[in-house]
Each structure stands twice: as C-alpha cells, then as structure tokens.
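Scope of the values below: all heavy atoms of this structure, side chains included, with no hydrogens, waters or symmetry mates.
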Amino acid sequence: MVYDTEKQVAIKAAIAAAKLCQQVRQQEITPEAIQKKDRSPVTIADFGAQALICQALAAAFPSDPVVGEEDAATLRQAEMSDQLAKVTQYVQAIEPTATPETVVDWIDHGNGQVTSRYWTLDPIDGTKGFLRGDQYAVALALIEAGDIKVGVLACPALEMSGQQGVVLVAVRGQGTELLTMAGQPVKSVQVASPEDKERLRFVESVESGHGDQSQQSAVAKAVGITADSIRMDSQAKYAAVAMGEAGLYLRLPSPKSPDYREKIWDHAAGVLVVEEAGGRVSDMNGKPLNFAQSDRMQDNRGVVVSNGTIHDTVLKALAASP
Ligand SMILES: Nc1ncnc2c1ncn2[C@@H]1O[C@H](COP(=O)(O)O)[C@@H](O)[C@H]1OP(=O)(O)O
Ligand SMILES: [Mg+2]
Ligand SMILES: [Mg+2]
Ligand SMILES: [Mg+2]
C-alpha cells in the first residue's frame, strides 16, 4: 500500500508521544505551565512529545522537514535546566538514548518550513485541556504538494466506541481506521448518516476565545441542530465527527481576535481523518484549508467540519448570518 512506511512510523511515534503525555499527567501533580511569548502555555509533555516524534521522523525520513508547534529556545536557557532534565527523563523512559543535548536538538528538528513534502506536528493540541485534565490530542500529518496524505490523531483521554483512548489513522484514499492506544486495529470508522438525528450534535471549543460561540450556536440551530453543543478541547473534536459521534464542528473567528489565522498543525491530521471517514472540511466561505503556503492559513477564515451531507446547508446558513 502507498504510504505504508510513513503510516507505520507515524502511528508508532504518535502513540509513544501520547504515552509520554499520559505519564506526565499521572506523575506530576499539576504539570507546570511555562508561558510562551504569545502568553499561551506549554509543558514538559509538549516538549517531550515533540522530541520523541521528531527523533522518529528524522531517523526514518531524514530529508523530510517537520513543521512543529514548539521549539527549544526556552529550554536551552540555563535557568530552565531543571525542566530540561525532567523532559529528558520522560523521553528516556521511551527512547533510552536521550540526553539533554539530543532532546533539544530533536525538538528543534521541528523548526522546518512548508515545502513540497513535509510533516506537520502538534505535540499536544489543546495544552489548556491537558492542564485542566480534559481532552487533548497528539496530531501528526504528512503533506505533499499541499495535499494531506497521512494523518494520525491520538486522543489518550477520549472514551469512544468502547475504547479508553482513541487513535485514528487515515491515508488519502484508504479510509480512516480506529486503533487502540496499544496500536491494535479495531475497525474502520464513518461519519454519522443524516438519518441519525441523535448523533447530529455539534462540537465546539471549551475556550470561548477560540471561536464565536453565539454565531456557532445560531448556525447550528439554522441547520436544525437543537441540542446543546458538546464542548471539547483539541482536535478530539475532529475525532468526534469522524467517528459519527457528532455531525458538525464549528470554529468561527472569535470577535476577540478577528486577525487570528489558524495554524496548519491544529487541523491537518483532523482534516484527513474526517475526510477519509466520509466527511467534509472547509473554511467558513467554503474554501479548502490551505496547507501549501506557510504554517498559518492566511487565506482561510474559520473552519467548518461536517459529516458531509449537511455541509452546503451549513455554508448557506453562514453566508446568511450577520
Ligand atoms: N484566537 C484563537 N482562535 C482560534 N484558535 C486559537 C486562538 N488562540 C489560540 N488558538 C489555538 O487553539 C488551539 C486549541 O483549540 P481548542 O480550543 O479547539 O482546543 C490551540 O492550538 C491554540 O493555539 P496555541 O497553542 O498557539 O495557543
Ligand atoms: Mg494546537
Ligand atoms: Mg500544541
Ligand atoms: Mg500551544
């Protein structure tokens, strides 16, 4: 099968990173939130997860750039040596060759640029959810010529379809598969059918500043979804749509940050997992999300994720909404 090596390497790396995140959540009473320049939080688990995945990708595909969310500039500072030692300890539990020096180099392997073939990585998507004890995801995708070819979304805290921890894997043209946290295949997954009214619920962020909750609920109502939204952190929302547990995920630009542009690593894995499960993803104007340009999707506004059948109705409702 095409992309089989990429798929296997990505699954193994994402699961290893997800396990590191689980270990940090179990062993640290409250994982310390380190503040980044943009004032968003990062933790030793984000750094450890990025180190593990970048190490695996560099070993298997040395010429592929990785466009990851994190970098090691802060961790390289002398006053951060305790945190770096902790990151190294968690990484060593999975990758015994790790030292503080290799760990920062592995993390910075994720400073690559968007090119004709690259990986994009969010080592923890939903760090705020991770810190709160809620949902988070490890999200990894391979993009070629702007097209997402492989996507792995590991959601260690998600309980769905009888699984404690959900790993979804998609390869373009090959469908979306559900795996256990141990990497065992369970089944292929499909989005909800339009007749399945009970499952046509909608999902949105927990963080009110990451969307426009009043417009989101107005649009959901306009397309006949009357139940309250399910609020969930991270790309676990894409997993809910791909598995048919929700029919719609709306992420409309927040009035508090109208100039925010979505980042590729916050969507790439989720998009493929939903599309290969039969769903559809676009921005709020119906344009496809652009993964060919840079780490930010400059020309896209908002994100609409659906089971496919309701997509055009949602876009019409959006075009008509003030
Ligand atoms: N104003 C914003 N609008 C939309 N998404 C945002 C905004 N600010 C941060 N984010 C991103 O939302 C993601 C989490 O989304 P969710 O609420 O669905 O869990 C994070 O990756 C976060 O990026 P960052 O990590 O750079 O802060
Ligand atoms: Mg993210
Ligand atoms: Mg992140
Ligand atoms: Mg972040």
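Side chains of Pro253 and Tyr260 form no contact here, defined as non-hydrogen atoms less than 4.5 Å apart. In this structure, the side chains of Arg251 and Lys237 come closer than 4.5 Å at one or more pairs of heavy atoms. Looking at heavy atoms from C-beta onward, Glu245 lies in side-chain contact with Arg199 at the 4.5 angstrom threshold.
Here the closest heavy-atom approach between residue Val186 and residue Leu179 is recorded as CG2-C, 4.1 Å. The shortest non-hydrogen separation linking Ala269 to Ala139 is CB-CB, 4.1 Å. The minimum heavy-atom distance between Ile107 and Ala51, with the atom names listed, is CG1-CB, 3.8 Å. Smallest separation of non-hydrogen atoms from Leu248 and Val223: CD2-CG2, 4.5 Å. Annotation for Asp299 and Arg301: closest pair C-NH1, 3.9 Å, computed over non-hydrogen atoms. Between Pro96 and Ile94, the shortest heavy-atom distance links the atoms CD-O, 3.5 Å.
The structure places CZ of Arg117 at 11.0 Å from CD1 of Ile143, a figure rounded to the nearest 0.5 Å. For the atom pair NE2 of His109 and CG of Asp105, the computed distance is 11.0 Å after rounding to the nearest 0.5 Å. Expressed to the nearest 0.5 Å, how far CG of Leu168 lies from CD of Gln163 amounts to 10.0 Å. Atoms CG and CD, from Asp125 and Gln135 in turn, are 11.5 Å apart once rounded to the nearest 0.5 Å. Interatomic distance, CG of Asp228 versus CD of Glu204, reported as 9.5 Å (0.5 Å rounding).
Using modelled atom types and a 3.5 Å distance limit, the side chains of Thr127 and Asp46 yield a donor-acceptor pair. Between Lys187 and Ser161, the side chains place a donor N or O and an acceptor N or O closer than 3.5 Å (distance only, hydrogens not considered). Side-chain contact annotation: Glu70 with Gln50, donor-acceptor N/O pair under 3.5 Å absent. Side-chain atoms of His267 and Glu262 form a donor-acceptor pair, as typed in the model, at a separation below 3.5 Å. A donor-acceptor pair shorter than 3.5 Å can be found between the side chains of Ser306 and His311. With 3.5 Å as the limit, one finds no donor-acceptor pair spanning the side chains of Gln216 and Ser229. Looking only at atom types and distance, the side chain of Ser208 has no donor-acceptor partner in the side chain of Gln213 under 3.5 Å away.
The side-chain hydrogen bond (donor to acceptor under 3.5 Å, both in side chains) contacts involving residues 14-26 comprise nothing, where partners must be two or more places apart or lie in separate chains.
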inquiry  = Checking Gln92 against Thr88 for the side-chain contact (heavy atoms from CB on, under 4.5 Å) test, could you report, in this order, the C-alpha distance in whole Å, the side-chain angles of both residues, the deciding distance, and whether it holds?
reply    = CA-CA 6 Å; Gln92 263 172 1; Thr88 306; 4.0 Å; yes
task = Starting from the C-alpha separation in whole Å, work towards a yes-or-no answer on side-chain hydrogen bond (donor to acceptor under 3.5 Å, both in side chains) for Glu95 and Thr97.
result = CA-CA 6 Å; Glu95 177 54 57; Thr97 65; 2.8 Å; yes
inquiry  = Applying salt bridge (charged side-chain N to carboxylate O under 4.0 Å, His left out) to Lys128 and Asp134, what does each step give before you reach the verdict?
reply    = CA-CA 8 Å; Lys128 288 179 180 168; Asp134 291 336; over 6 Å; no
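Taking a cutoff of 4.0 Å between a charged side-chain nitrogen and a carboxylate oxygen, Lys7 and Glu177 qualify as a salt bridge. Taking 4.0 Å as the cut-off between side-chain N and carboxylate O, Asp233 and Arg132 count as a salt-bridged pair. By the 4.0 Å N-to-carboxylate-O rule, Asp312 lies close enough to Arg280 to be salt-bridged with it.
In this view, Lys37 satisfies the side-chain hydrogen bond (donor to acceptor under 3.5 Å, both in side chains) rule with no residue, not counting sequence neighbours. For Glu28, the salt bridge (Lys or Arg N to Asp or Glu O under 4.0 Å) partners two or more places apart in sequence, or in a different chain, are Lys86.
Both Val150 and Leu140 belong to a common hydrophobic cluster when Ile, Leu, Val, Met, Phe, Trp and Tyr are linked at side-chain heavy-atom distances under 4.5 angstrom.
A ring-centre distance under 6.0 Å is found for Tyr249 and Tyr238.
Within a 6.0 Å sphere centred on CD of Gln113, heavy atoms belonging to other residues, nucleotides or ligands number 12 at most. The environment of NZ in Lys12 is sparse: at most 12 heavy-atom neighbours from other residues, nucleotides or ligands sit within 6.0 Å. For Gln298, the CD atom sits in a packed shell: over 12 heavy atoms of surrounding residues, nucleotides or ligands are nearer than 6.0 Å.
Considering Arg172, Gln174, Glu144 as possible partners of Tyr3, the one that fulfils the side chain to side chain donor-acceptor pair (under 3.5 Å) test is Glu144.
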